[in-house]
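Down below is the structure, laid out as C-alpha cells.
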Amino acid sequence: MTLTITEAICAAALDGVGLSRGEVEHLLGLDDFEDAEVLFAAAREQRRRYFGDAVFLYGFVYYSTYCRRSCAFCFYRAGNTLSPRYRKEAGEVVEICLSLAESGVNLLDLTLGEDPLLFDAGDFSSLIDVAGLVRRATSHPIMVSPGVLPRAVLAELRCLGVDFYALYQETHSRELFARLRLGQDFDERVRARQDAHELGLLVEDGILCGVGDRPPDRARSLLAIHDAGEQQVRAMTLVPQRQTPLARARLCSNWNERLVIAVMRLLMPDRLIPASLDVEGIEGLASRLNAGAN
C-alpha cells in the first residue's frame with residue numbers, strides 16, 4: 001500500500017528520522033481533517049514513548065501585572081487602562097504556591113510583566129526574594145517568567161534553586177516579531193535564553209499563532225527552538241484583547257496551534273509541551289493533549 005506524504009513523514013519521524021524544513025512546512029500547512037488525524041496520532045504515539053500518558057499540571061502565579069512594554073497582543077501592555085494592576089506581597093505568593101502544590105500541580109510558574117519597579121530601577125531583589133521564599137517553602141520545580149533578565153540576575157535565581165526560565169519569542173520571524181513586540185530587540189531575547197542555558201537553567205520558548213503567521217514562519221520558529229535545545233516548548237493562539245493594536249484581529253480556531261503542537265512532538269519528542277487550559281477549558285485542553293501535548 002502506498003503511503004500518503006503525511007503518512008510517510010510521520011512514519012519516518014517515529015523511526016527516528018529528523019524532519020526537513022520542507023516536511024515541517026508540509027505538516028504545518030495541513031488543512032484536511034483525515035490527514036491531520038494521521039499527524040495527531042503519530043504525535044500521541046511519540047508522546048507515549050517518551051512520557052507515557054501522564055498529564056503534568058503547570059500552575060501560573062501572577063506576581064505582578066505591571067509592565068513597561070507595549071506588546072501588540074498583550075492585555076497587560078503599558079498604557080492599557082482596562083488592565084487590572086497589582087503586585088502581590090511575598091507572603092501571598094508563597095501561600096498561593098503552597099496551595100497549588102497541595103492541589104497536585106507539578107510546576108510553579110512565577111509570572112510577571114517587565115514591571116518598571118524592577119526593570120527601570122535595575123533592582124530585582126524583590127523577585128529574587130520571592131523566588132527564594134517559594135524555593136524554601138516547597139520542593140516543587142519553579143519557573144520564572146519575568147521578561148528579559150540580566151545574566152547576573154539569572155545566575156542568582158539559579159543559585160537559589162530556580163529550575164526553569166520562560167521567555168517566549170512569539171515568532172522567530174524578525175518581521176513578525178517587530179510587529180508583535182513593539183520596540184524590542186529580537187536578539188536580546190535570544191541572548192537571555194542562551195545565558196540561562198549556560199547558567200544551567202532549563203528554558204522554555206513559545207510561539208503565537210493567528211498573528212499573520214504562515215507555515216514558513218511557524219516552521220522557522222520550530223526549527224530555531226529545536227536548534228536552541230529548549231527543554232519546554234509552547235504554542236498558543238491569539239485571543240484579541242481590548243485596547244491593544246490587535247484588538248480587531250480575527251479570532252482563529254486552535255487548528256494551527258494543534259498542528260504546531262503535533263509537529264513539536266515529532267521534532268522534539270523528549271520536550272515538555274504545555275496544553276493551555278485557560279482559553280477553551282477542558283474541551284480545549286483535551287484537543288491539545290490529543291495533538292501530543294503534555
Side-chain angles (χ1 to χ4, degrees), residues 6 9-31 35-56 58 107 109 143 145 164-173 176 190 193 197 202-211 213-238 252-277 279-280 284-294:
T6 300
I9 294 171
C10 291
L14 289 173
D15 284 340
V17 179
L19 299 177
S20 69
R21 179 180 292 271
E23 290 170 336
V24 170
E25 288 187 21
H26 169 82
L27 295 176
L28 292 173
L30 294 178
D31 57 10
D35 225 13
E37 277 303 308
V38 171
L39 169 61
F40 296 148
R44 290 194 298 273
E45 171 59 20
Q46 194 76 297
R47 181 192 60 207
R48 185 193 64 78
R49 293 179 182 183
Y50 283 81
F51 293 98
D53 286 322
V55 175
F56 302 91
Y58 177 3
L107 174 65
D109 185 350
M143 173 181 281
S145 306
F164 276 92
Y165 175 52
L167 186 68
Y168 301 162
Q169 199 75 6
E170 313 303 348
T171 176
H172 289 257
S173 159
L176 268 177
V190 173
R193 288 193 299 274
H197 273 298
L202 304 171
V203 177
E204 181 185 25
D205 194 0
I207 72 170
L208 189 59
C209 302
V211 289
D213 49 311
R214 307 290 298 170
D217 300 311
R218 297 191 288 275
R220 180 184 296 112
S221 291
L222 296 197
L223 292 169
I225 291 170
H226 170 272
D227 292 346
E230 320 298 17
Q231 290 88 0
Q232 185 157 282
V233 294
R234 187 184 185 98
M236 291 163 289
T237 301
L238 174 71
C252 300
S253 74
N254 67 18
W255 178 259
N256 284 326
E257 179 185 336
R258 289 160 60 202
L259 293 177
V260 169
I261 288 170
V263 176
M264 282 177 168
R265 178 58 67 208
L266 294 186
L267 191 63
M268 298 171 274
D270 59 343
R271 317 295 170 84
L272 288 167
I273 303 175
S276 296
L277 173 64
V279 176
E280 297 174 334
L285 175 64
S287 72
R288 291 163 173 86
L289 291 172
N290 284 333
N294 293 108

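Just the heavy atoms: all of them, side chains too, but no hydrogens, waters or symmetry mates, feed the values below.
Arg265 places a side-chain heavy atom less than 4.5 Å from the side chain of Ile273. Put simply, the side chain of Ile9 reaches to within 4.5 Å of the side chain of Leu19, judged on heavy atoms. At least one side-chain heavy atom of Val55 sits under 4.5 Å from a side-chain heavy atom of Leu289. Residues Cys252 and Leu238 have side chains not in contact (no heavy-atom distance under 4.5 Å, counting atoms from C-beta outward). Side-chain contact between His197 and Glu230 is present, with heavy atoms from C-beta onward closer than 4.5 Å. The shortest side-chain heavy-atom distance between Thr171 and Leu208 does not fall under the 4.5 Å cut-off. No side-chain heavy atom of Arg271 sits less than 4.5 Å from a side-chain heavy atom of Met264. A heavy-atom distance below 4.5 Å is found between the side chains of Leu28 and Leu222.
The neighbour count for Arg214 CZ, taken as heavy atoms of other residues, nucleotides or ligands under 6.0 Å away, does not exceed 12.
Nearest approach of Pro274 to Arg234, heavy atoms of both residues: CB-NH1, 3.1 Å. Contact detail for Glu204 and Val233: the closest heavy-atom pair is CG-N, 4.4 Å. Between Tyr168 and Gly206, the shortest heavy-atom distance links the atoms CD2-N, 3.4 Å. The two residues Leu266 and Cys10 have their closest heavy-atom pair at CD1-SG, 4.1 Å. Taking both residues in full, the closest heavy atoms of Thr237 and Ser253 are given as CG2-O, 3.8 Å, listed atom of the first, atom of the second, then distance. Annotation for Gly18 and Glu23: closest pair O-OE1, 3.9 Å, computed over non-hydrogen atoms.
To the nearest 0.5 Å, atom SG of residue Cys209 and atom CZ of residue Arg258 are 12.0 Å apart. Note that the CZ atom of Phe56 and the CG atom of Leu272 stand 6.5 Å from one another [nearest 0.5 Å]. In this structure, the separation between CG on Asn256 and CD1 on Ile261 is 11.0 Å, given to the nearest 0.5 Å. With values rounded to the nearest 0.5 angstrom, Asp270 atom CG is found 13.5 Å from Arg49 atom CZ. Rounded to the nearest 0.5 Å, atoms NE2 (His172) and CG (Leu223) are 10.5 Å apart. If you take CG on Leu30 and CG on Asp35, they are separated by 5.0 Å, rounding to the nearest 0.5 Å.
The main-chain N or O of Ala293 is found under 3.5 Å from a side-chain atom of Arg47 such that the two form a donor-acceptor pair. Distance alone, capped at 3.5 Å, is enough to place a donor-acceptor pair between the Arg218 side chain and the Asp213 backbone. The backbone N or O of Leu167 sits less than 3.5 Å from a side-chain atom of Arg193, completing a donor-acceptor pair. The backbone N or O of Asp31 sits nowhere less than 3.5 Å from a side-chain atom of Trp255 that would complete a donor-acceptor pair. Remark: side-chain polar atoms of Gln231 are paired, donor with acceptor, to backbone N or O of Val203 under 3.5 angstrom. No side-chain donor-acceptor contact under 3.5 Å links Arg48 to the backbone of Gly52.
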Evaluate side-chain contact (heavy atoms from CB on, under 4.5 Å) for Ser221 paired with Gln169, printing each intermediate quantity in order.
CA-CA 9 Å; Ser221 291; Gln169 199 75 6; over 6 Å; no

Given side-chain contact (heavy atoms from CB on, under 4.5 Å), test Gln46 with Leu14 step by step and report yes or no.
CA-CA 7 Å; Gln46 194 76 297; Leu14 289 173; 3.7 Å; yes

Please evaluate residues Ser145 and Asp109 with respect to the criterion side-chain hydrogen bond (donor to acceptor under 3.5 Å, both in side chains), reporting the C-alpha separation (whole Å), side-chain torsions for both, the decisive distance (0.1 Å), and the verdict.
CA-CA 7 Å; Ser145 306; Asp109 185 350; 2.7 Å; yes

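Between Asp217 and Arg220 there is a salt bridge, since at least one side-chain N of the basic residue sits less than 4.0 Å from a carboxylate O of the acidic one. Salt bridge Arg288/Glu257: present, at least one basic N to carboxylate O contact under 4.0 Å.
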